[in-house]
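Read through the structure below, which is laid out as structure tokens, and then see the notes.
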Amino acid sequence: MTTPFPFTAVVGQDDLRLALLLNAVSPAVGGVLVRGEKGTAKSTAVRALSALLPEVAVVPGCRFSCDPAAPDPSCPDGPHEAGAGAARPARMVELPVGASEDRLVGALDIERALAEGVKAFEPGLLADAHRGILYVDEVNLLHDHLVDLLLDAAAMGASYVEREGVSVRHAARFLLVGTMNPEEGELRPQLLDRFGLTVEVAASREPDQRVEVVRRRLAYDDDPAAFAARWAEEESGVRQRIVAARELLPQVRLGDGALRQIAATCAAFEVDGMRADIVMARTATALAAWAGRTDVLAEDVRQAALLALPHRRRRNPFDAPGLDEDKLDETLEQFSGEDEGEDDPDPDGPGGGGGRPQPDSGPQSGGDTAARPEAGESGEPQASGSAQEQSAVRAAEPFRTKVLTVPGIGAGAAGRRSRARTEHGRTTGARRPQGALTKLHLAATVQAAAPHQRARGRSGPGLVIRREDLRQATREGREGNLVLFVVDASGSMAARQRMSAVKGAVLSLLLDAYQRRDKVGLVTFRGSGAEVALPPTSSVDAAAVRLESLPTGGRTPLAAGLLKAHEVLRVEGLRDPARRALVVVVTDGRATGGPEPVALAGRAARLFAAGQVASVVVDCESGPVRLGLAGQLAGELGGTAVTLDELRADSIAGLVKGIQDRRAA
């Protein structure tokens, strides 16, 4: 058995260690989400926690870890008689990102269930994690169907497995701990809210601390057992402190003053629902018990807010979580002293409960106070080098867009954009299973077995089932796509008002991609060529950051932008062949620079049409005279065009139909 890295030997990461310890003291806090860059000891600290947890008493032989003092009356291994049990260490169960549904919730033997009517059930990871820790590394990459099962189990404290009239239920109460790198995408809001606390971790920039991290890691790798032995006394001390805090927890008093501070803080930061108030109360109580006190102080409430609220406050999906600590201190001060009966409480409340003000990102035009037409706005060709590069402008306010989908049926990663053949969704047919049976199509199975009943000697009411009779249900759901933005940043787009609107439109589409769990990429073209501003990634917020800082100016090498996008799709197709692409070209359609720029752009566009790549052109042409070049480009791409005004007006309902009509023609 591998010796885990000692919890007390982790260098720094005070917030992370505190959040984990508070959940060890009071599992009702609701778990921890650890966000941070790679290589910051996230997984190391979580795995080390399990060695500090007190042992649990279980019914001997029960696969579902029933408590002998209060056994689950509906346990599949029961019924159990209340009495003495056996002690075992608390478990930490890891849920792989690519796990199947059967691995998580358990599996029924469908063949025996149909033929014999017995509930032959093999427990899954939820049963193993009962009364322990369920750890999900890279939790933001977890498939939606597994997220749904986790949400159900976390809400009900039980797991239900139901297949064609055969059902099994067992208790599943666990401490949910997840780690994630935000660069790889965010969590669904429903799952995010299920984590009691959240912690941001980052590598230290202090050389001495970094040296100590390396020194301890090398010592552990050389001799794990000897390294753990050197920290055994500290580990034992923390373990005893957890036990003492658990015993003290029921005696901790949460006064009305602390409760008012909690309520006022949650109101001031405009969190949704009441779960934040409850989690803060439990966290503040656990903090007091951990400190050996029976009264909750203002410092406990403050620390609880810093751990429980950052991921719950209302914010733009591309904003980093966090709290305005000045606002937090002001709110706590306004509601302080109520338990002590101070004579001068503030009668005005928490200052109206307004949200956190958004920081000003500073001037965007080098001190200009008024927008003015930029080079190329009129559409006149520019001499090489005559268009001065303009500084980046801020994106206009994003808006809600309608759904853009890729036509046809794919088989890519789970998501919420285009139709796809999936393991989860509505049933559309049946087929013979390839490998293990996961989703039984009952009617097709009975139909396949029915003609053979006499030959198989059926004499009773039961149906004689053979392996070759079983049929797998085929299902249709939704997939995530690769949305590749190809953005014209040339001088003809450089007018500040127009580029702000363009960025606002792209940001709106990025928000839609974030919600639909797409991968996104960003190609920009201007001057003499094109560049991949962001390779395809699940981190949609990274694309938003690159878009915000995008400068403009120079000629319009449209062909170079399209060819660069085609190369990105070719490489990504080798890496992820099942994920289909949707190309969104944002341009006014002009092509300048080099010999025959318009003809070259047309040939580049026809590469996409030949490859049947779904595409949309967002026409950014402005002014009373329109040349219609973006529409011509859309025709050569085999896609459809929509004006920027139509996109901003949320009037793109005909885009998908246009794509499908072109495919059908």
Distance-only side-chain donor-acceptor flag, Asp469 / Thr445, under 3.5 Å: no
Check whether any side-chain heavy atom of His170 sits under 4.5 Å from a side-chain heavy atom of Pro76, and report yes or no. yes
State, without any angle test, whether Thr3 and Tyr220 hold a side-chain donor-acceptor pair at a distance under 3.5 Å. no
Sub-3.5 Å donor-acceptor pair from the side chain of Asp15 to the main-chain atoms of Val199, do we have one? no
Exercise: do Arg169 and Ser74 side chains pair donor with acceptor under 3.5 Å: yes
With the side chain counted from C-beta on, respond yes when Gln434 and Gln472 share a heavy-atom pair under 4.5 Å apart, and no when they do not. no
Residues that Phe7 engages under ring pair (Phe, Tyr, Trp, His ring centres under 6.0 Å), provided they are two or more places apart: none
Min side-chain heavy-atom separation Arg275-Arg194 under 4.5 Å: yes
Quick one: which residue pairs count as a side chain to side chain donor-acceptor pair (under 3.5 Å) with a foot in residues 18-31, not counting sequence neighbours? none
One thing to verify: whether Arg173 and Asp72 come together as a salt bridge, which I'm taking to mean a side-chain N less than 4.0 angstrom from a carboxylate O. no
Main-chain N/O of Glu468 paired to Arg471 side chain as donor or acceptor, under 3.5 Å: yes
Donor + acceptor pair across side chains of Thr198, Arg312 (<3.5 Å): no
What pairs meet the side chain to side chain donor-acceptor pair (under 3.5 Å) rule with one or both residues in residues 240-249, with sequence neighbours excluded? Ser236-Gln240
Is there side-chain contact between Phe64 and His80, with at least one heavy-atom pair below 4.5 Å? no
